[in-house]
Amino acid sequence: MEYPFEVIEKKWQKKWQEKRVFKADDNSPKPKYYVLSMFPYPSGALHMGHVSNYSIGDAISRYKMMQGFNVMQPMGYDAFGMPAENFAIQHNSHPRLTTESNMNIMQDQFTAMGFGFDWDRKVATCTPDYYRWGQWIFKRLYEKGLVYKKSSFVNWCDECQTVLANEQVEDGSCWRCSSVVRQKEMEQWYFKITEYAEELLDFSKVIDWPERVMSMQKNWIGRSTGTEIDFKLEGSDEKITVFTTRPDTIFGVTFMAIPPEHPLSRRWLKEPTVEPKLVEFCEKVLNEDKISRSAEDTTKEGVFTGKYCINPVNGDKVQIWITNYVLMDYGTGAVMAVPAHDQRDFEFAKKYDIPMKMVIQNIEKTLVLEEMTAAYTEPGVLVNSAQFDDMESVASKTAISQWINEKGMGKETITYRLRDWGVSRQRYWGNPIPVIYCDKCGTVLVPDKDLPVLLPDNVQVGKTTNNPLLSVEEWVNCTCPECGGPARRETDTMDTFVDSSWYFARYADPKNENLPFSKEKAEQWLPVDQYIGGIEHACMHLIYARFFHKFLRDIGMVDCDEPFARLLTQGMVINMGSKMSKSKGNGVDPQEYIDRYGSDTIRVFMLFASPPEKDVDWNDEAVGGSFRFLNRVWRLIENNLDVIKTNNKLYNGDVTLSKQIAELRFSTHNMIKRWHEDIENKMQFNTAIAAIMEHLNCVTAIKDTSILTTDEKAVYAESCMMIVRLLYPFAPHICEELYEMTGNTGFVYEAGIPEFNPQYLVHDMMTVVVQINGKIRGKIDVPAGSDEETIKAEALNIDKIKTLLEGLEIKKVIVVQNKLVSIVAK
RNA sequence: GCGAAAGUGGCGGAAUUGGCAGACGCGCUGGACUUAGGAUCCAGUGGGCAUAGCUCGUAGGGGUUCAAGUCCCCUCUUUCGCACCA
């Protein structure tokens, strides 16, 4: 017989809703606890990843409710984005319709899973009352000089007709349609996230983040200290600035390398005397896609420009080459090439027969320039470096850098790998950028009172090769807010990562019509105490959100430094060793299993299968195991209703119990202790559940309760009820039902959090292991707390030990109280 | 190449201020009850052997220690992140 999960899950979902159990109260006197799981993209169905993610969040949330916190666990939808638009194109529909219908379907699934979300705080990023405030924040960023527009080369997908972020390009192809991505020069709006690079590297204000995520972000931001050095162009006052981390090699520069995108390259290409092969080369490189151009095995190529610059430290004439291996958007976009001491420059110089100059000699003084087959990049002693000769190369870095600074030839500086965030997207289904272009007034921001710039519905999605919004003429054409003359709207929309960069703050004050959220509400609820989501967001969403939060702090909207105090990155749900995906055909639909076993079983399986940050391997048979476990709990309570009902809470603690029942009491309190530790310290729900299973085994070993005394029945009743209460965060529906069946009123969490009694965790007798030379040879039971001498004597008195020790000399005996005796004998 | 994490039964995974390796679950084997079992219950389940016991065993090799999955050194493998970042 299976327990009636279908009936009871519906029943309790309804009750929770009726009693507003998960409503986060703005006026509660209880301390707040904000649990947040990353909101989903409304794809139309919850997948196993969501179920796993939200089962973790819900377990934490309900645990905190038991502890008496005023818990806020909100949920919403990351509802803008390209998939909806592409789907609409294919099915000749409208993104708004499909998105709304998808959100409705998912809402039903959320309900069926019974997750404890406060739906009154729901946020859907595609609604005007949400995206209005994204536009508002865009304007605040702009006012602070953190938004700018520039032309640069970006990843462009012809098929999808939009710019792609770097992470959306896989092996040179579009992640969605697999067509080849090319580089296209476009005007784009950028957020100056680099302004916050230094602070984003500082994690001292987070409480608990995975080391892994922090190091990924540090790596991504890529702080690098070095020196900027100015090289004057020959016969001109104009200069070309390089960034180098190796000022110690400055005397060894033999050429200058710049990319085709460099302003000087672009200027020289337009000169009438330009060599055709230079133009040809630049065109070739610029048309190459970013991925293959930057691949490690790409051959280094270049063309000499015929121009020279002057090395400021020694007046050397330096050839300027346009090359394919220098990046325009890192450092200054120009590299001083030192072939003798940089492998890339070495390869290039060899290929084009450019001179080399050795300026660092190894300690043994055995380096010969003509015999080098690779650049010498190790530390050494400076040579050919004027007054710096004989200086140790590492120490010379500072000395040379200071000297350069004093002479006004350059300065020490810090460069980041992190680039400014390009937020323009040439697509329809996103947040309109609140900008108007006027022939007279130039770029004008839409006044606050006119926000939001509404996304029009009557757009011809997919019918144009330009921005879809261009097709809505009555929307594009507008009047200039400043001069009242004719003007045009910006037709790019914002990257959807902008929408998700502040949603956690909107949940604190979701209905606010005057601001994104009030300062008071933000102070009340932020930071998020526990954030849960996938590791794949480590370098994107989680950096963007920290950036936004710090900006919002700087304009006085929030007062904490970090948005997410604790972060848990949950693993993926995989099937037969690989990630579930449609293309692999190994996806598993949660709904099928909700129907078969109920949501409590799915939750228990997810949480029990492995620790939350590890991948969960989906296993049909093991799910059945979780179901069996819940059935065993159900039967235990159902079969013992009388004993539990009449004896629960009767136990007064100070009575004699049979050995078995004393052991049962130990098991109960041991379970409570382990449950607390596993959840509180390690968030290891798998071992917390294992502790409950072990205890269940202990309870079910008692077959006949009729022979028990009243006190023993009370202990038994407690041992049963504790299962119901401790299982609650993981399998809430069945626990609410069992709690009610056993004569309780209200909800399980209202009973508070069970605490163990340390008194019941003390055993009278302890088993001590006896080792001879490290091997276990026997065991003894001794009264707890026996002194070392007694234990030692007991151990040496075991017949078997005596036999084994015959003819041996005891060198040493180590006694560890309550644990073991280790005898060293020869 | 650089950086990080990890390697424990047939499987998912427990156990680290060093102290009985394999908790809990899946699977498997045998049994009970059954017309039946994808139900339930009981027993067993790391390998080997001369099987009341002994012995080997936490990727491999060395070391420290009375005692090592846990600490130290070396090697291998896997996963993830970054990858011409000057």
Side-chain angles (χ1 to χ4, degrees), chain A residues 1-2 210-220 222-224 226-227 242-246 249 257 259 293-300 323-327 329-338 341-345 347-348 415-419 535-536 538-539 596 604-605 608-611 613-629 631-632 635 674 678 684 686-697 700-701 703 767-779 800 810-825:
Chain A
M1 276 287 282
E2 295 175 352
E211 242 354 282
R212 179 154 166 237
V213 175
M214 293 191 287
S215 82
M216 277 169 79
Q217 291 203 356
K218 284 177 189 165
N219 202 307
W220 184 266
R223 186 183 201 269
S224 172
T227 311
V242 299
F243 171 76
T244 182
T245 55
R246 295 294 306 273
T249 63
R293 178 171 159 191
S294 63
E296 198 181 14
D297 52 1
T298 304
T299 331
K300 288 163 187 56
T323 72
N324 66 347
Y325 76 95
V326 174
L327 305 172
D329 54 2
Y330 181 76
T332 60
V335 170
M336 59 173 223
V338 187
H341 305 292
D342 182 285
Q343 187 56 28
R344 295 155 299 187
D345 301 341
E347 286 167 28
F348 192 85
T415 294
Y416 302 93
R417 215 187 65 98
L418 181 75
R419 316 286 202 262
I535 186 82
E536 65 273 17
C539 290
R596 169 69 188 87
V604 169
F605 168 76
F608 180 64
S610 62
E613 62 284 350
K614 282 191 76 166
D615 289 349
V616 178
D617 205 346
W618 184 258
N619 180 334
D620 266 22
E621 285 166 332
V623 180
S626 296
F627 186 54
R628 274 203 293 280
F629 164 60
N631 274 296
R632 287 183 69 203
R635 277 198 307 275
R674 286 168 59 189
D678 290 347
Q684 268 188 196
N686 57 333
T687 49
I689 293 169
I692 299 172
M693 288 174 168
E694 274 180 70
H695 175 65
L696 176 67
N697 290 342
T700 51
K703 298 296 177 199
T767 301
V768 170
V769 173
V770 183
Q771 297 182 340
I772 299 175
N773 293 335
K775 296 209 182 347
I776 294 153
R777 297 302 181 189
K779 286 177 188 181
K800 190 181 161 192
I810 297 173
K811 298 269 185 197
K812 201 172 171 189
V813 179
I814 295 137
V815 179
V816 181
Q817 273 206 337
N818 295 340
K819 282 215 173 112
L820 61 67
V821 177
S822 183
I823 302 161
V824 188

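None of the values given here were measured: they were computed from a predicted structure. In what follows, chains carry the letters A, B, and so on, assigned in the order in which the sequence lines appear, proteins first and then strands, with residues in each chain numbered from 1. Side-chain atoms are counted along with the backbone in the values below, which use heavy atoms only and exclude waters and symmetry mates.
Spacing between atom CG of A:Asn324 and atom P of B:A86 amounts to 18 Å, rounded to whole angstrom units. To the nearest angstrom, C1' of B:U55 lies 14 Å from CD1 of A:Ile776. Distance CD (A:Glu536) to P (B:C82): 12 Å, rounded to an integer number of Å. Regarding A:Glu347, its CD atom lies at a distance of 9 Å from the C1' atom of B:C84, rounded to whole Å. Distance, A:Gln771 CD to B:A67 P: 9 Å, rounded to whole Å. As rounded to whole Å, 12 Å separates atom P of B:A52 from atom NZ of A:Lys800. A straight line from CD of A:Glu613 to C1' of B:G13 spans 13 Å, rounded to a whole angstrom. Separating the CE atom of A:Met693 from the C1' atom of B:A14 is a distance of 13 Å, rounded to the nearest angstrom.
Of all nucleotides present, only B:G81 satisfies the Watson-Crick or G-U wobble test against B:C2, with each distance under 3.5 Å. When Watson-Crick and G-U wobble pairs are counted only if both distances are under 3.5 Å, B:A14 pairs with no nucleotide at all. In a base pair of the Watson-Crick type (N1 to N3 plus N6-O4 or O6-N4) or a G-U wobble (N1-O2 and O6-N3), with each distance short of 3.5 Å, B:G7 is matched with B:C76. Across all strands shown, B:C66 forms a Watson-Crick or G-U wobble pair, both distances under 3.5 Å, with B:G19. With a 3.5 Å ceiling on both atom-pair distances, B:U34 lacks any Watson-Crick or G-U wobble partner. Across all strands shown, B:A52 remains unpaired; no Watson-Crick or G-U wobble contact has both distances below 3.5 Å. Figure legend. B:G44 is base-paired to B:C28; pairs are counted as Watson-Crick or G-U wobble with both atom distances under 3.5 Å.
Distances shown here put every side-chain N or O of A:Ser822 at or beyond 4.0 Å from the OP1 or OP2 atom of B:G19. For B:A6, the OP1/OP2 oxygens have no side-chain nitrogen or oxygen of A:Arg212 closer than 4.0 Å. Between A:Arg417 and the phosphate of B:A83, there is a side-chain N or O to OP1/OP2 separation shorter than 4.0 Å. Contact annotation: A:Asn686 reaches the phosphate of B:A14 (side-chain N/O to OP1 or OP2, under 4.0 Å). Of the side-chain N and O atoms in A:Gln343, none sit less than 4.0 angstrom from OP1 or OP2 of B:A83. Within the structure, every side-chain polar atom (N or O) of A:Tyr325 is placed at least 4.0 Å from both OP1 and OP2 of B:A86. OP1 or OP2 of B:C42 has at least one side-chain nitrogen or oxygen of A:Lys703 nearer than 4.0 Å. Residue A:Arg635 places at least one side-chain N or O closer than 4.0 Å to OP1 or OP2 of B:C41. Considering only side-chain N and O atoms, A:Arg674 lies nowhere under 4.0 angstrom from the phosphate OP1 or OP2 of B:A15. In this model, the phosphate group of B:G13 is approached by a side-chain N or O of A:Lys614 to a distance below 4.0 Å at OP1 or OP2. In terms of phosphate contacts, A:Asn697 brings a side-chain nitrogen or oxygen within less than 4.0 Å of OP1 or OP2 of B:G25.
Listed nucleotides B:A86, B:C24, B:C66 differ in distance to A:Val824; the shortest reach to its side chain belongs to B:C66. Minimum atom distance to the side chain of A:Lys775 is reached by B:C56, of the listed B:C56, B:G27, B:A86. Listed nucleotides B:C20, B:A23, B:C26 differ in distance to A:Thr687; the shortest reach to its side chain belongs to B:A23. If you check B:C41, B:A39, B:A86 against the side chain of A:Arg632, the one that comes closest is B:C41. Distances were taken from every side-chain heavy atom of A:Ser224 (C-beta onward) to each of B:G19, B:A23, B:A86; the shortest belongs to B:A86. Considering only the side chain of A:Ser610, B:G13 comes nearest among B:G13, B:C84, B:A23. Comparing atom distances between the A:Ala690 side chain and each of B:C24, B:A14, B:C20 picks out B:C24 as nearest. The A:Pro611 side chain lies nearest to B:G13 when the options are B:G19, B:C26, B:G13.
If you check every strand for non-hydrogen atoms under 4.0 Å, A:Glu2 touches nothing. Residue contacts for A:Arg777: at a heavy-atom cut-off of 4.0 Å it reaches the sugar-phosphate backbone alone, with no base atom in range. Among the protein residues, A:Gly625 comes within range of the sugar-phosphate backbone only, with heavy atoms under 4.0 Å from sugar or phosphate atoms but none that close to a base.
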Take A:Leu418 and A:Gln217 through the test side-chain contact (heavy atoms from CB on, under 4.5 Å) and record every step on the way to the result. CA-CA 10 Å; A:Leu418 181 75; A:Gln217 291 203 356; over 6 Å; no

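When all heavy atoms are compared, the tightest approach of A:Arg674 to A:Glu694 is NH2-OE2, 2.9 Å.
In this structure, B:G63 shows a glycosidic angle more than 90 degrees from zero, which is the anti conformation.
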